[in-house]
Amino acid sequence: MKGIIKTIGATLLLVFSLTGCSDFEEINTRPDAFGSDEVSAKYFLTGIQIELYAPNRFPYWRAQLIHADRFAGQFTFGYNGCWWSGSLAYNYSAGYTDAAYNWMAGYVSNLSVYQNFVKEGGDLENENFYAIGLIMKGLYYQMYTDTFGMVPYSEALNPDIITPKLDEQAQIYQGVIEELDQAMAIIGSQSVTGEGIEYLEENDLFFHGNLQQWKKLANTLKLRMALRAQGASGASFAETAISEALQAPLLSTEMDNALMEKDTEIDQFGNAAYGDIWHNFGGVGSHWNVGKTLVDYLRDNNDPRLSKYAKPIFGGDFTFTRPAEGSAASLFEKHLDFVLGELDNAGVPYTREDSGDEVFISVPQDEEYYVGQPSRLNAEIYPHVKNDLFSEPADWIINPKNQGEEIFPEVVFTAAEGNFLQAEAIVKGLSSGDAQALYQEGIRQAMKIWRVEDSEIDEFLANEEMALLNGTDEENLEKIAVQRWIAAYTDGFEAWAIVRDTGYPVELANGVSDYDIYSAGTLNGKYPQRMRYGNQEYNTNGANVEAAIQIQGPDEQGTELWWAEN
């Protein structure tokens with residue numbers, strides 16, 4: 001990605017500024033520094049885009065993969081040979097949670113530097129770059145507060161406040177929406193950020209500098225947040241925001257997608273991808289599978305994205321051995337029936353031969369069968385969960401870097417989402433229009449991202465029950481929520497938020513209860529509602545964390561957020 005490479009010098013400048021230099025004019029007086037005609041905020045924008053959506057491997061692994069993608073039910077661990085158990089993250093771990101919290105909470109520092117440079121009176125003053133920064137701030141805070149709940153917002157960017165208070169979610173949502181309105185007003189009818197060094201193009205990894213696309217993104221984010229807030233206590237601003245958003249352009253066509261191309265050359269500790277975890281930890285132990293709920297929805301509805309999202313199972317010959325003693329021995333038949341039941345559910349043929357304490361299974365290897373692995377499996381069933389019986393992610397999701405192979409981009413915001421949100425507003429009676437047409441356009445746009453052929457999309461829309469809003473309002477809202485969740489594949493934070501907000505897919509939202517099969521986890525089987533605060537926040541801002549807990553509820557994974565479906 002050429003834009004990333006060109007920002008190396010500016011990134012060093014950013015690091016320099018973060019480590020003590022606050023006077024930009026001083027830098028410009030040095031003969032070996034950048035001249036004023038060579039420095040632009042556009043070089044800083046690239047960095048804050050990467051840091052939010054493709055940070056280094058450590059948080060990418062511990063935040064995105066271990067927590068968000070798995071809470072979303074779209075990726076799973078816990079097969080025989082996996083280094084990470086199915087209960088990981090469902091059992092609270094301070095180390096993993098701290099890594100996720102420290103990355104997300106720390107992002108505000110880079111954002112603050114950028115905004116201070118480009119604001120009125122800043123060393124790189126440019127109101128259009130400032131507007132983009134407000135939109136990046138909105139994307140960040142929606143992710144941040146939807147993950148942890150109350151977080152520092154109103155005082156977070158004030159360099160004079162070392163211990164900022166944690167704001168209530170209603171205040172954060174309302175504040176972000178107001179800032180998105182401010183950004184859209186600044187942009188107005190403009191299409192470019194400026195001329196010469198101020199002209200933003202390849203350094204913008206979302207829209208290549210098209211300000212009208214940024215404006216659509218801001219408006220669609222406003223609609224998402226307002227719909228999520230609508231109906232919650234203290235969300236009196238929501239319906240007005242929904243109405244306003246629906247009267248302005250939204251992300252709606254293929255050209256509107258904000259998809260951040262993955263850099264295939266830059267080091268994984270500067271810009272990570274799933275392949276950095278899949279390949280670089282070594283061997284099958286660091287792999288993972290696609291979740292059962294996702295595969296079932298795709299397979300059972302003849303969705304052409306199935307082969308784009310996942311690989312067929314490998315199949316082969318498998319031996320299941322009864323443990324010599326303990327509860328796992330008495331549960332052997334139940335565990336075996338569970339695993340074979342997943343094959344039956346997926347229509348996978350197999351032969352079975354029983355011999356004493358062993359059962360031999362043979363599954364064809366020359367046919368394409370897709371089987372999702374159930375989430376949250378416990379340690380006792382682990383020996384029987386054979387990896388080659390479950391579908392791994394498709395290659396372009398997990399391709400390694402530096403091999404000349406394409407890597408699926410980071411999903412920032414899509415045209416599919418813009419259409420689905422409009423359909424949702426209509427079904428809820430908050431707007432008028434053709435919900436069915438918008439719903440189908442959302443499906444079309446979601447499939448096009450994954451390069452599904454137009455003929456396959458047309459066939460799905462014409463023939464599948466899932467493509468029709470033909471039920472009650474609640475049944476139609478369920479379909480919209482499920483399609484939004486499917487479209488958010490590889491965007492685990494948003495997919496997880498959709499489940500908590502809507503209660504769909506119910507297979508995930510209902511949690512688990514059969515502890516012979518599943519891990520109860522810290523929540524005794526309930527679905528995770530948030531992540532806990534990191535220990536660093538307690539150590540540096542403890543009084544404000546404790547104050548937030550008194551308002552929000554216990555600092556536990558089961559504490560529901562302000563907008564959550566009850």
Subject >> Residues Glu537 and Asn544: side-chain donor-acceptor under 3.5 angstrom >> reply: no
Subject >> Asn91 vs Tyr96, side chain to side chain donor-acceptor pair (under 3.5 Å): CA-CA, chis, key distance, verdict >> reply: CA-CA 11 Å; Asn91 279 320; Tyr96 287 113; over 6 Å; no
Original post:
Any donor and acceptor pair, going by atom type alone, linking the side chain of Asp123 with main-chain N or O of Phe117 inside 3.5 Å?
Top reply: no
Subject >> Test item: Trp396 and Trp450 side chains (from C-beta on) under 4.5 Å apart, heavy atoms >> reply: yes
**OP:** Could you check whether the rings of Tyr533 and Tyr101 sit parallel, tilted or perpendicular, using 30° and 60° as the cut-offs?
**Re:** perpendicular
Original post:
What orientation do Phe420 and Tyr439 show, parallel under 30°, tilted 30 to 60°, or perpendicular over 60°?
Top reply: tilted
Original post:
Counting distance only, does the side-chain N/O of Arg530 pair as donor-acceptor with the main-chain N or O of Phe148 below 3.5 Å?
Top reply: yes
Original post:
Does the side chain of Glu546 come within less than 4.5 Å of Tyr538's, by heavy atoms?
Top reply: yes
Subject >> Exam field: side chain Gln174 to backbone Gly234, donor-acceptor pair closer than 3.5 Å >> reply: no
**OP:** Ignoring hydrogens and angles, tell me if any N or O in the side chain of His279 forms a donor-acceptor pair with the backbone of Asn399 under 3.5 Å.
**Re:** no
**OP:** Give me the ring orientation class for Tyr141 and Tyr153: parallel if the planes are under 30° apart, tilted from 30 to 60°, perpendicular past 60°.
**Re:** perpendicular
Original post:
Any salt bridge between Glu198 and Lys42, counting N to O under 4.0 Å?
Top reply: no
Original post:
Is the backbone N or O of Lys216 less than 3.5 Å from a side-chain atom of Asn219, with the two atoms forming a donor-acceptor pair by type?
Top reply: no
Subject >> Shortest non-hydrogen contact from Asn126 toward Asn128 >> reply: OD1-N, 2.9 Å
Original post:
Do Thr220 side-chain atoms and Leu250 backbone N/O form a donor-acceptor pair below 3.5 Å?
Top reply: no
Original post:
Considering residues at least two apart in sequence or located in another chain, which fulfil the side chain to side chain donor-acceptor pair (under 3.5 Å) criterion with Gln422?
Top reply: none
**OP:** Validate the cation-pi geometry between Arg305 and Tyr489: distance from NZ or CZ to the six-membered ring centre under 6.0 Å, angle to the ring axis within 45°.
**Re:** no
Original post:
Okay, side chain of Gln169, backbone of Trp562: is any donor-acceptor separation there less than 3.5 Å?
Top reply: yes
Original post:
Would you call the rings of Trp288 and Phe75 parallel, tilted or perpendicular if under 30° counts as parallel and over 60° as perpendicular?
Top reply: tilted
Original post:
Has the side chain of Lys215 got a donor or acceptor atom that lies under 3.5 Å from a matching backbone atom of Gly188?
Top reply: yes
